[in-house]
Number of protein chains: 2
Amino acid sequence: MTEMSRNSGQEGGQPGRIGIGLELDATHLKILEVLRENGRISVAALAERVGISRANAYTRFEALRADGAIKRFTAEIDHVRAGLGITALIFVTVRQQMWRQFRAQLAQMPEVEYCAITTGQHDAMIQVRVTDVAAVHAMVTDRLANIPAVKATETVFILDEVLRRPYVLPSDRGPGRSSRRPPADPAAGSARSTGPARSAGPAGAAGPAGSTGAEVPLGMMRFVGAAEGRAQLQQDV
Amino acid sequence: MTEMSRNSGQEGGQPGRIGIGLELDATHLKILEVLRENGRISVAALAERVGISRANAYTRFEALRADGAIKRFTAEIDHVRAGLGITALIFVTVRQQMWRQFRAQLAQMPEVEYCAITTGQHDAMIQVRVTDVAAVHAMVTDRLANIPAVKATETVFILDEVLRRPYVLPSDRGPGRSSRRPPADPAAGSARSTGPARSAGPAGAAGPAGSTGAEVPLGMMRFVGAAEGRAQLQQDV
DNA sequence: GTTGAAATTAGTACGAA
DNA sequence: TTCGTACTAATTTCAAC
């Protein structure tokens, strides 16, 4: 299972915990930078590219894995080549108090590649990969519609995936804080990595959670209030 | 080259291209299955898990990479640990005839992890990872709003990422076609991969593209028509 | 497509700076 | 902590079957 709970690497924790077990310095970020683009690089080559000794690279590599900063290593597969030419996004409104059931059902659907709980008009967005358009229809009408937790859905097809970065890092915008100019796209490269797969951690949980339901204009951005039942999110899930 | 004449193995092709250079048999899928969960496994261990000889595994492994079925290998990084605790989805309405500019600008934004062109109310969805909520605001108002190609945006925060599968494969639902019962979630594992970063290729391009703009009820699914300017998608991009 | 054996490389375990 | 080296184990390559 690929359930992402929000806790640290090896230990389970409370949902609210964010604890940092490892201070990531510039060298750590550099390692992550190489690894996200070439997950299969040897530690020796990694050490050379980062500019540290092999022994140091092994130590840091292991630390990053143990800490959970590196969750797992995966191969990016061409879905079209693999026979899954259709990608769709399904926005789901979940009936309050039924989040647990919804998550359980999700785990039973192998065509679901990604699911995130969001603010806004809907409660969750799921991304599915299937062989044909009919399969999307079947998925929505047969599978999702039969889940009591699902109140409503809205489907959108993905026509093209313009960009997919392995994983964004803070170092992408320099050592500093936020809004600065990017140093241009550092795309090319190859990465390699090794290690057992583990449950993913939680994403950011800050932000306008538990909003009131009213639209709150904030500059050009529209914070669409969460749907009813969102307040139960933490207790229910 | 024999059968791969129309697409090259290592090179990206035109957006409309779907060509299949390599026939993926059950063994290939099995290899992909292992690799997506453990991208850093050795080819020797891979051979053992798949049940083929080492040499065979090397041959197939290389073929999958050359063919492009495996695009690259990457490390999944815990964004929170890496200092990017906030994830948001920004739905963008793009001004017609300006897709090329939009895409060019995207490449200049390192905080963008993913961008897909969609049907529906909006034209594109981008996922960003940043350090704090303010950075999202800055991103939308300062960066996106200043792109002439961007007509409007709508932002939604991700409160939790419930599920992330390395990559969905057709074998997940058995050798057959579509809607069947999943064999339960085969999640855990770790993946390793290697390869240069590249711009994402086109996803499935079928579906209700070039729709009229009217809502077409189809079972429980709502096909929201594409926004104006979508017709220029292929020529413009 | 498989097996086995050689050459290379990776991973580990020390000390020393 | 980090580096450098030596030792051990594993992997990749290449041969023949």
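The analysis underlying the following values was restricted to heavy atoms, covering all of them including side chains, and did not include hydrogens, waters or symmetry mates. Since the model is a prediction, treat every value here as computed from it, not as a measurement. Proteins come first, then strands; the chains are lettered A, B, ... in the order of their sequence lines, and each starts at number 1.
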Exercise for the section: Give the rounded distance in Å between these two atoms: CD of E48(A) and C1' of dC3(D). Expected result: 15 Å

Handout entry: Base-pair map of DNA chain D as dot-bracket, where | denotes pairing with a different strand and pairs are Watson-Crick or G-U under 3.5 Å
Key = ||||||||||||||||.

Handout entry: Ionic contact status for R129(B) with E161(B), cut-off 4.0 Å
Key = yes

Problem - Under-4.0 Å salt bridge between E111(B) and R143(B) - result: yes

Exercise for the section: In whole angstrom, give the distance that lies between atom CZ of R65(B) and atom P of dT12(D). Expected result: 13 Å

Exercise for the section: Can you tell me the distance, in whole Å, between the CG atom of L46(A) and the P atom of dC3(D)? Expected result: 13 Å

Handout entry: Distance in angstrom units between N56(A) CG and dT5(D) C1', rounded
Key = 16 Å

Output a table of nitrogen or oxygen pairs between the protein and nucleotides 12-17 of chain C separated by less than 3.5 Å.
none

Exercise for the section: Looking only at non-hydrogen atoms, find the nearest pair between R165(A) and L106(B) and report the distance. Expected result: NH2-O, 3.8 Å

Practice task
Inspect the surroundings of CD in E48(A) and state if more than 12 heavy atoms from other residues, nucleotides or ligands are less than 6.0 Å away.
Solution key: no

Problem - Rounded distance in Å - CZ (F61(B)) to P (dT13(D)) - result: 10 Å

Fill in the blank from the handout: Winner on side-chain proximity to R60(A), out of dT2(D), dT2(C), dC3(D), is dT2(D)

Handout entry: Donor-acceptor pair, side chain of T119(A) and main chain of F157(B), under 3.5 angstrom
Key = yes

Problem - Those residues that, when tested against N146(B), pass side chain to side chain donor-acceptor pair (under 3.5 Å) (two or more places apart) - result: none

Completion exercise
On a heavy-atom basis, the closest approach of I70(B) and L35(B) is CD1-CD2, 3.6 Å

Practice task
Using a cut-off of strictly less than 4.0 Å, decide whether S53(B) has a side-chain nitrogen or oxygen near OP1 or OP2 of dG1(C).
Solution key: no

Problem - Donor-acceptor contact present, side-chain R54(A) to main-chain V43(A), <3.5 Å - result: no

